[in-house]
Amino acid sequence: MVSCYQPQRDCKTVKNGEFSFTTIVDGEEKTTTFVRNDTLEIDYFEGKVDTSAVRWINDCEYVVKKINPTNKAEEKSVHMKILSTTDDSYTFEYGIVGQSRKSRGTAVISGK
């Protein structure tokens, strides 16, 4: 039986704003807060601030590239694809441009 359910995907509502993303790193829960507008994303993680350029491919996909990378790994662009949205979060898939390995996450919209 095939489901008729289609997840909400109103990507324009999360193009700009303040968000947080929590993941497990080396067995520890870590949270990144970031602010994004059409062309910039500013990340706040463990007392450090990083700025990345944002290039939108379409309403639901974009590429981020650090403006001032400090090592080879940070020089690589990351492709982001918004899979679904809710009133207070969105689910996304991400991976290094040119690599097939993808990960998933959920960003929470701050202030909601």
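Note that the structure is predicted; figures quoted are calculated from it, not measured.
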*Between atom OG of S84 and atom CG of D10, what is the distance when rounded to the nearest 0.5 Å?*
11.5 Å
*From L83 CG over to E61 CD, what is the distance, rounded to the nearest 0.5 angstrom?*
9.0 Å
*Between Q99 and K76, is a side chain to side chain contact (heavy atoms under 4.5 Å, CB included) present by the stated rule, with each step listed?*
CA-CA 11 Å; Q99 295 182 5; K76 297 178 181 178; 4.2 Å; yes
*Go through the structure and list residues passing side-chain hydrogen bond (donor to acceptor under 3.5 Å, both in side chains) with S89, not counting sequence neighbours.*
T86
*asked:* Tell me if the CG atom of N68 is crowded by more than 12 foreign heavy atoms within 6.0 Å.
replied: no
*asked:* Run the ring pair (Phe, Tyr, Trp, His ring centres under 6.0 Å) test against Y94 and tell me which residues pass, sequence neighbours left out.
replied: F92
*Which atoms form the tightest heavy-atom contact between T106 and F21, and what is the distance?*
O-CD1, 3.4 Å
*Common cluster, I67/V63, ILVMFWY with side-chain heavy-atom separation under 4.5 Å*: no
For residues 28-36, which side-chain N or O atoms pair as donor and acceptor with protein atoms under 3.5 Å away, sequence neighbours left out?
unit_1 : atom_1 : unit_2 : atom_2 : d
K30    : NZ     : E46    : OE2    : 2.5
T31    : OG1    : T22    : OG1    : 2.8
R36    : NE     : K15    : O      : 3.2
R36    : NH1    : E41    : OE1    : 3.2
R36    : NH1    : Y62    : OH     : 2.8
R36    : NH1    : Y90    : OH     : 3.2
R36    : NH2    : V14    : O      : 2.5
R36    : NH2    : Y90    : OH     : 3.2

*Taking the side chain as every heavy atom from C-beta outward, state whether K65 and S52 have any pair of such atoms under 4.5 Å apart.*
no
_Connected via hydrophobic side-chain network under 4.5 Å: I96 and V54_ = yes
*Should we say atom CZ of R9 is surrounded by more than 12 heavy atoms from elsewhere, each under 6.0 Å from it?*
yes
_Tell me every residue that passes salt bridge (charged side-chain N to carboxylate O under 4.0 Å, His left out) with D43, counting only those two or more places apart in sequence or in another chain._
none
*asked:* Please determine whether residues W56 and M80 belong to a single hydrophobic cluster, defined as Ile, Leu, Val, Met, Phe, Trp and Tyr linked transitively by side-chain heavy-atom distances below 4.5 Å.
replied: yes
*With clusters built from Ile, Leu, Val, Met, Phe, Trp and Tyr whose side-chain heavy atoms come within less than 4.5 Å, directly or transitively, what are the remaining members of the cluster of V25, listed by chain and number?*
none
*Can you tell me how far the CZ atom of R55 sits from the CG atom of D38, to the nearest 0.5 Å?*
14.0 Å
*Does K12 have any salt bridge (charged side-chain N to carboxylate O under 4.0 Å, His left out) partners at least two apart in sequence or in another chain, and if so, which?*
D59
*asked:* In this structure, would V64 and I42 fall into the same cluster of hydrophobic residues linked by side-chain contacts under 4.5 Å?
replied: no
*asked:* For a quick test of reading the model, state the closest non-hydrogen atom pair linking S110 to S20 and the distance between them.
replied: OG-N, 4.3 Å
*About how many Å separate CD1 of I57 and NE2 of H79, when rounded to the nearest 0.5 Å?*
4.0 Å
